[in-house]
Chemist: 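After the structure tokens below, expect a handful of questions from me.
Numbers restart at 1 for each chain; the letters A, B, ... are given by sequence-line order, proteins then strands. Note: hydrogens, waters and symmetry copies are ignored here, and every other heavy atom, side chains too, is used.
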Amino acid sequence: MPELPEVETVVRGLAQTVVGDTIESVWLGSKPEPLKSPAVVIERTLRHARIAAVRRMGKHIVIELDRAHARRPKVRRTRSKTSPGKDTAQFIVHLGMTGQLLVSKPDQELEKHTHLVAQLASGRELRFVDPRRFGRLAVHTRNGFETAGLEPLDVGFEIFVSLFRGRKTPIKSALLNQKLLRGVGNIYADESLFRAGVRPRCCAASLTRDQLRRLYDSIQQVLNQAIAAGGSSVSDYVNAQGEPGFFQFEHRVYGREGEPCLVCSTPVKRVVIAGRSSHYCPLCQK
DNA sequence: ACTATTTCCTGGATGC
DNA sequence: TGCATCCAGGAAATAG
């Protein structure tokens with residue numbers, strides 16, 4: 001499941017390979033597509049656009065487009081538009097659970113569930129594949145893309161503490177709430193809570209400053225280690241080059257129900273919190 | 001203003 | 001072997 005480290009890995013891969021390239025044409029699947037913008041708008045915005053940069057916001061991939069040299073329809077403009085940024089746009093990709101954004105050679109076979117193919121001037125293709133269709137595609141032109149929540153790797157400790165003040169919800173749910181922190185998902189929430197020694201069902205507001213400090217440090221550590229390992233490949237996740245990550249081998253509780261805790265050998269427990277499976281060690285986590 | 005629950009979707013695993 | 005059922009989960013929508 002693509003969470004912050006997986007999205008960051010995809011973004012870095014794209015930044016190295018397709019920045020400076022130009023989208024020549026766009027193909028969109030005909031089935032009900034996972035689009036947040038109308039198909040024609042996506043197609044029109046992407047075609048002839050140059051990829052200026054690729055970055056990440058939470059779990060969203062932000063592809064900055066430069067349309068300054070894009071051919072325009074010969075329509076007389078009603079007024080002279082000189083506002084800065086009028087020739088820029090953003091292509092937003094959310095991978096959902098099973099989404100892949102791949103840079104492929106055109107002769108590579110089209111995977112089933114390919115929803116978008118953008119042909120690049122370099123001869124390669126940018127492809128969006130998503131079997132479960134939880135992913136989303138959108139374009140933003142007028143106002144830049146914005147999304148709530150703070151970046152877990154940028155937030156300071158005092159702000160982090162304030163996020164949970166007065167929250168009656170379990171800490172696990174609070175960590176998954178993208179309006180608080182953006183980018184932490186089920187795997188890294190469980191792994192961070194284990195490393196911090198905090199039970200997932202713990203009421204967020206009841207965490208001591210000490211626990212919050214350990215949680216803050218754990219989140220930074222886990223996310224950074226996962227990025228260094230190229231993310232976790234538990235189901236379909238691969239990077240922009242189609243390669244898996246390796247952090248699944250570093251998981252200490254996620255997906256290890258019944259297996260011995262790596263610290264104390266107590267069997268790892270799995271419970272459901274807010275409809276999400278949550279893994280923890282009943283002895284190590286209080 | 002929060003919080004909890006439901007919904008979307010398909011492949012893989014499980015059960016009879 | 002084959003078919004039905006269940007489960008995974010991010011985030012938006014809905015309900016309380």
Side-chain angles (χ1 to χ4, degrees), chain A residues 1-11 28-37 56-62 92-101 110-116 128-138 140 145-152 162-193 200-207 219 223 226 231-238 244-245 247-248 251 253-258 268-280:
Chain A
M1 292 124 259
E3 304 177 23
L4 187 152
E6 290 75 31
V7 178
E8 180 67 26
T9 304
V10 171
V11 161
L28 279 166
S30 54
K31 297 277 186 223
E33 300 135 12
L35 306 181
K36 290 186 87 174
S37 307
R56 179 188 61 75
M57 287 176 75
K59 298 175 192 171
H60 296 268
I61 299 166
V62 181
I92 310 297
V93 179
H94 194 297
L95 298 174
M97 280 193 59
T98 54
Q100 301 177 343
L101 196 56
L110 265 200
E111 273 188 69
K112 204 178 165 187
H113 306 296
T114 299
H115 303 303
L116 176 143
F128 177 66
V129 182
D130 183 15
R132 230 165 277 185
R133 309 169 83 98
F134 273 28
R136 290 292 179 263
L137 306 177
H140 286 250
F145 173 70
E146 269 306 327
T147 185
L150 301 170
E151 282 294 329
S162 72
L163 291 176
F164 305 106
R165 209 162 277 151
R167 301 249 165 215
K168 305 290 282 180
T169 195
I171 185 63
K172 169 69 183 280
S173 301
L175 290 177
L176 294 181
N177 184 347
Q178 303 295 299
K179 293 193 165 81
L180 302 177
L181 290 178
R182 61 190 193 205
V184 177
N186 210 34
I187 295 174
Y188 299 105
D190 281 5
E191 292 297 318
S192 300
L193 287 166
R201 255 202 244 275
C202 236
C203 167
S206 76
L207 292 199
I219 290 170
L223 293 179
S232 304
S233 291
V234 290
S235 54
D236 308 62
Y237 167 71
V238 290
F247 196 71
Q248 65 275 19
H251 293 176
V253 285
Y254 182 85
R256 298 194 63 244
E257 181 187 10
V268 171
K269 269 198 136 188
R270 190 184 82 93
V271 295
V272 174
I273 300 172
R276 297 288 164 260
S277 64
S278 304
H279 312 74
Y280 70 98

Chemist: Could you pull out all residues at least two apart from A/Phe134 that satisfy ring pair (Phe, Tyr, Trp, His ring centres under 6.0 Å)?
Modeler: none
Chemist: Check salt bridge (Lys or Arg N to Asp or Glu O under 4.0 Å) between A/Glu111 and all other residues, then give those that pass, not counting sequence neighbours.
Modeler: none
Chemist: Polar pairs (N or O, both sides) under 3.5 Å between protein and nucleotides 11-15 of chain B?
Modeler:
from	atom 1	to	atom 2	distance (Å)
B/dG11	OP1	A/His113	NE2	2.8

Chemist: Are there any protein N/O atoms within less than 3.5 Å of an N/O atom in nucleotides 4-7 of chain B, and if so, which ones and at what distance?
Modeler:
from	atom 1	to	atom 2	distance (Å)
B/dA4	OP2	A/Thr169	OG1	2.9

Chemist: Using the salt bridge (Lys or Arg N to Asp or Glu O under 4.0 Å) criterion, which residues pair with A/Lys59? Sequence neighbours excluded.
Modeler: none
Chemist: Does any N or O in the side chain of A/Glu151 come within less than 3.5 Å of the main-chain N or O of A/Gly58, such that one atom is a donor and the other an acceptor?
Modeler: yes
Chemist: Whether the side chain of A/Thr114 engages the backbone of A/Leu110 through a donor-acceptor N/O pair (distance < 3.5 Å, no angle test) should be reported.
Modeler: no
Chemist: Does a donor on one side chain sit under 3.5 Å from an acceptor on the other, for A/Gln248 and A/Tyr237?
Modeler: no
Chemist: For A/Leu223 and A/Glu3, run side-chain contact (heavy atoms from CB on, under 4.5 Å): C-alpha distance rounded to whole Å, both residues' side-chain angles, the deciding distance at 0.1 Å, then the answer.
Modeler: CA-CA 10 Å; A/Leu223 293 179; A/Glu3 304 177 23; over 6 Å; no
Chemist: A/His60: what forms a side chain to side chain contact (heavy atoms under 4.5 Å, CB included) with it, not counting sequence neighbours?
Modeler: A/Ile92, A/His94, A/Phe145, A/Thr147
Chemist: Between A/Gln178 and A/Gly183, is there a donor-acceptor pair closer than 3.5 Å when you use the side chain of the first and the backbone of the second?
Modeler: yes
Chemist: Between which nucleotides of DNA chain C, 5' to 3', does chain A make heavy-atom contacts below 4.0 Å?
Modeler: C/dA8 to C/dA11
Chemist: Could you check A/Lys59 against A/Val272 and say which one's nearest nucleotide on DNA chain C is further toward the 5' end?
Modeler: A/Val272
Chemist: If the helix axis at each end comes from five base pairs, how far does the helix from B/dC2-C/dG16 to B/dC16-C/dG2 deviate from straight, to 10°?
Modeler: 50°
Chemist: Whole angstroms only, please: what is the CG-P distance between A/Leu175 and B/dT3?
Modeler: 13 Å
Chemist: Would you classify A/Arg270 as touching base, sugar-phosphate or nothing, given that sugar-phosphate means primed atoms plus P, OP1 and OP2, and contacts are heavy atoms under 4.0 Å?
Modeler: sugar-phosphate
Chemist: Enumerate the residues from residues 176-191 of chain A whose closest heavy atom to DNA chain C is under 4.0 Å, giving them by residue number; use none for an empty result.
Modeler: A/Gln178, A/Asn186
Chemist: A/Glu191 versus A/His251: any side-chain heavy-atom pair under 4.5 Å?
Modeler: yes
Chemist: Do the side chains of A/Asp190 and A/Lys172 get nearer than 4.5 Å, heavy atoms only?
Modeler: yes
Chemist: With sequence neighbours left out, write down each residue that passes side chain to side chain contact (heavy atoms under 4.5 Å, CB included) with A/Glu8, or none if nothing qualifies.
Modeler: A/Arg12, A/Arg56, A/Ile227
Chemist: Please list, chain by chain and in numerical order, all residues satisfying side chain to side chain contact (heavy atoms under 4.5 Å, CB included) with A/Arg201, sequence neighbours excluded.
Modeler: A/Val271, A/Ile273
Chemist: Answer with yes or no whether the side chains of A/Tyr254 and A/Ser232 bring together a donor and an acceptor at under 3.5 Å.
Modeler: no
Chemist: Considering residues at least two apart in sequence or located in another chain, which fulfil the side chain to side chain contact (heavy atoms under 4.5 Å, CB included) criterion with A/Thr98?
Modeler: A/Asp130, A/Pro131, A/Arg132, A/Asp236
